[in-house]
Each structure stands twice: as C-alpha cells, then as structure tokens.
Asker: 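A single structure is presented below for examination.
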Amino acid sequence: MNVLEAEGLRKSFGGVAAVDGVSFTVAAGEMLALIGPNGAGKSTCFDLVGGQQRADAGRVRLAGRDITALSARARVRAGLGRTFQIAAPFASMTACENVQLALHAHAGRIWRLWRPAAAGFRAPALELLAAVEMSGLADRPAGALAYGDLKRLDLALALAGAPAVLLMDEPTAGVAPDARPALMALVRRLAARRGLAVLFTEHDMEVVFGVADRVLVLQRGTLIAAGAPAEIRAAPAVQAAYLGVAP
C-alpha cells in the first residue's frame, strides 16, 4: 500500500527548474533512496515533500490525504516525520528529556514546557530510546553523546509523533563509515516493524545500494531513472550522470 505519493512536483527559482515534474510513491515498510549529483534538485524535492518549500505545481498525498497546502508543522501532525542532516538536540538535556520534550510537543502540551522535561512521558520516551537501541544512554546529556548516538536520538525524536512516513536527510552524514551499516540496518528494522514508509537522501552509495528497496535518480530536476539498486547501478544513464562513467 502506497503511503506517500508525489505527483508532478515542480519548483523553479529565477526561471530555472530545480524540480521538474517529479512523481513517485513510497509504500509502507519500503525504503526509497533519492540520489543525484550536486545541484540535481534532491534537497528541493525533499523540502517540497516535507513542506519546507511550497511547490509551484503538483500534489503530495499522505495515506490518501492531499497535504499539498499544509505547512511543515501541519504535515508532521498528519503523520510525516523527519530527521535532519545535522542532529541538533538540546545539549544540556538528557537523551530521555529530549524525547520527552518531543512527546510533550506532539501531545499539544507546548504551554507546559516551562516545566522540567522530566515531568512526564518518561515511560514512552524510554520505549522510543529502546527502539533506537539507546536504553543505556537515556540519562546521559545529549552534549556528551557520540555523533552516531546523536543520529539515533534524532531518529527517536522523529518517531515521537508516530509518523506513517519518515523523511531522512543524509542519515549517515558525520557518522564514521564503519558505523553506517548498523545505523541503516536499524532504520530498516524499524521500517519493517512499524510499517514506516522511508524516503531518504544519501551521498554514500554503499549505504544506498546496501539498504534501499528502490532508488530514484535526479538530474537537473528531472527523474532519469528509477528501480532496484542493481538496476540503477548498471544503468548507463546513471553511470554517466552520477557515477562518472562514460555511457
């Protein structure tokens, strides 16, 4: 079942088409990678789905609901979660308190956030930290965490809203190469267990080809290829445009 649908997305800046008629779907439990050379339009496409930018044309649907006109915040409430390239939790708060704060926000209790974050939601926060394999770090200040653990904490924060779709912007950026497979294997397990539709951008091609179910390739704002990782790796157009191999 397709949980996320993008149809004919277009966005131009100063007459230059950054995204030009891009369409795709992501099913429950599926991990879809969006790749392309620098300037291909990946970030813009990602932001059109997340609501950080408004499309000039096209539609975005979440579980069949048209969310094109919704703000980024409203899309989160509708079931769209997102992690960011640079993880930035509150450094002075513990990992658990950061997740508790996110749970407060998603429960609509912003007005109570002057109170200590530890005042509520500790049990569900600990469950989320366990889900991202951080139980032993729950009471450690975020500022004392290794960067790979900060990425896991960022994932827990995104899951606090119980999203149906998870957008991940460069999930392994800043993570040591030998730790990347374990992080992405965790994401895959979470996607399978929770029925999450995952759309991610990533520069590490070993990560992409190792974890994605399907891959979309953008060039100059246009989709030039879509398919299974093995198909994409072998496609002459992709090799020429992205991997630097002559067709």
Side-chain angles (χ1 to χ4, degrees), residues 3-4 28-29 31 50-52 62-63 70-176 179-200 211:
V3 183
L4 179 67
M31 295 190 65
Q52 286 74 28
L62 178 60
L70 297 185
S71 66
R73 186 181 297 274
R75 294 185 195 201
V76 169
R77 290 196 295 268
L80 195 67
R82 182 167 182 174
T83 67
F84 292 87
Q85 185 172 346
I86 299 175
F90 292 101
S92 63
M93 296 171 61
T94 67
C96 189
E97 287 170 344
N98 269 280
V99 179
Q100 286 174 267
L101 194 62
L103 289 166
H104 272 286
H106 285 293
R109 298 184 182 179
I110 301 295
W111 63 275
R112 298 182 64 187
L113 294 186
W114 59 270
R115 298 176 60 189
F121 292 105
R122 182 170 172 84
L126 290 174
E127 289 178 7
L128 284 172
L129 288 172
V132 299
E133 301 174 356
M134 286 187 64
S135 293
L137 300 172
D139 294 316
R140 182 170 298 182
L145 294 174
Y147 196 71
D149 292 325
L150 285 177
K151 286 286 192 172
R152 291 173 186 257
L153 177 55
D154 196 33
L155 180 56
L157 296 175
L159 295 176
V165 175
L166 182 61
L167 307 181
M168 304 189 76
D169 186 7
E170 298 287 344
T172 70
V175 178
R180 292 172 185 173
L183 176 61
M184 295 310 293
L186 169 63
V187 175
R188 173 169 279 287
R189 290 194 297 274
L190 288 169
R193 290 171 187 166
R194 294 169 177 252
L196 277 173
V198 179
L199 173 66
F200 69 101
V211 75

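In what follows, residues are counted from 1 in the order of the sequence shown. Computed from a prediction, not measured in an experiment: that's the story for all the values here.
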Asker: Nearest 0.5 angstrom please: D139 CG to C96 SG, how far?
Answerer: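 It is 6.0 Å, given to the nearest 0.5 Å.
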
Asker: Do L196 and L159 have side chains that get closer than 4.5 Å, going by heavy atoms?
Answerer: yes

Asker: Between the side chain of T94 and the main-chain N/O of E97, is any donor-acceptor distance below 3.5 Å?
Answerer: yes

Asker: What pair of heavy atoms forms the shortest contact from A131 to L186, and how long is it?
Answerer: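 That would be O-CD1, 3.5 Å.
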
Asker: Find the distance between CZ (R188) and CG (L183) and round it off to the nearest 0.5 Å.
Answerer: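 Rounded to the nearest 0.5 Å, the CZ-CG separation comes to 13.5 Å.
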
Asker: Looking at every heavy atom in both L150 and A142, which two are closest together, and how far apart are they?
Answerer: CD2-O, 3.4 Å

Asker: Is it true that atom CZ of F90 has more than 12 heavy atoms of other residues, nucleotides or ligands lying nearer than 6.0 Å?
Answerer: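 No, CZ of F90 has 12 or fewer neighbouring heavy atoms, counting only those of other groups under 6.0 Å.
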
Asker: Within the 4.5 Å heavy-atom criterion, are L103 and L128 side-chain neighbours or not?
Answerer: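 Answer yes - side chains close enough.
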
Asker: Under 3.5 Å, is there a donor-acceptor pair between the side chain of R75 and the main chain of L70?
Answerer: yes

Asker: Does a sphere of radius 6.0 Å around CZ in R140 hold more than 12 heavy atoms from other residues, nucleotides or ligands, not counting ones at 6.0 Å or beyond?
Answerer: no

Asker: Can you tell me if R180 uses its side chain to pair, donor with acceptor, with the backbone of V175 under 3.5 Å?
Answerer: yes

Asker: How long is the gap from CG on L166 to OG1 on T83, to the nearest 0.5 Å?
Answerer: 5.5 Å

Asker: Using modelled atom types and a 3.5 Å cut-off, is there a donor and acceptor pairing between side-chain atoms of D149 and backbone atoms of M134?
Answerer: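 A pair under 3.5 Å: no.
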
Asker: To the nearest 0.5 Å, what is the distance between NE2 (H106) and CZ (F121)?
Answerer: 11.0 Å

Asker: Kindly compute the distance separating CG (D169) from CD (Q85), expressed to the nearest 0.5 Å.
Answerer: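 Those atoms lie 5.5 Å apart.
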
Asker: Mind checking whether V187 and V211 have side chains closer than 4.5 Å, heavy atoms only?
Answerer: no

Asker: Mind listing the closest non-hydrogen atom pair of L129 and A95 along with its distance?
Answerer: CD1-C, 4.2 Å

Asker: Ignoring hydrogens, what is the shortest heavy-atom contact between L126 and A138? Give both atom names and the distance.
Answerer: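 Scanning both residues, the minimum pair turns out to be CD2-CB, 3.6 Å.
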
Asker: Are any non-hydrogen side-chain atoms of L62 and V3 less than 4.5 angstrom apart?
Answerer: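 Yes. Closest side-chain heavy atoms under 4.5 Å.
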
Asker: Quick check: do P171 and K151 have side-chain heavy atoms less than 4.5 Å from each other?
Answerer: no

Asker: How close do G81 and P163 get, counting heavy atoms only, and between which atoms?
Answerer: N-CB, 3.4 Å

Asker: Going from CG on L157 to CZ on R152, what distance comes out if it is rounded to the nearest 0.5 angstrom?
Answerer: 14.0 Å

Asker: Please assess L153 against V99 for the test side-chain contact (heavy atoms from CB on, under 4.5 Å), listing each intermediate value before the final yes or no.
Answerer: CA-CA 8 Å; L153 177 55; V99 179; 3.7 Å; yes

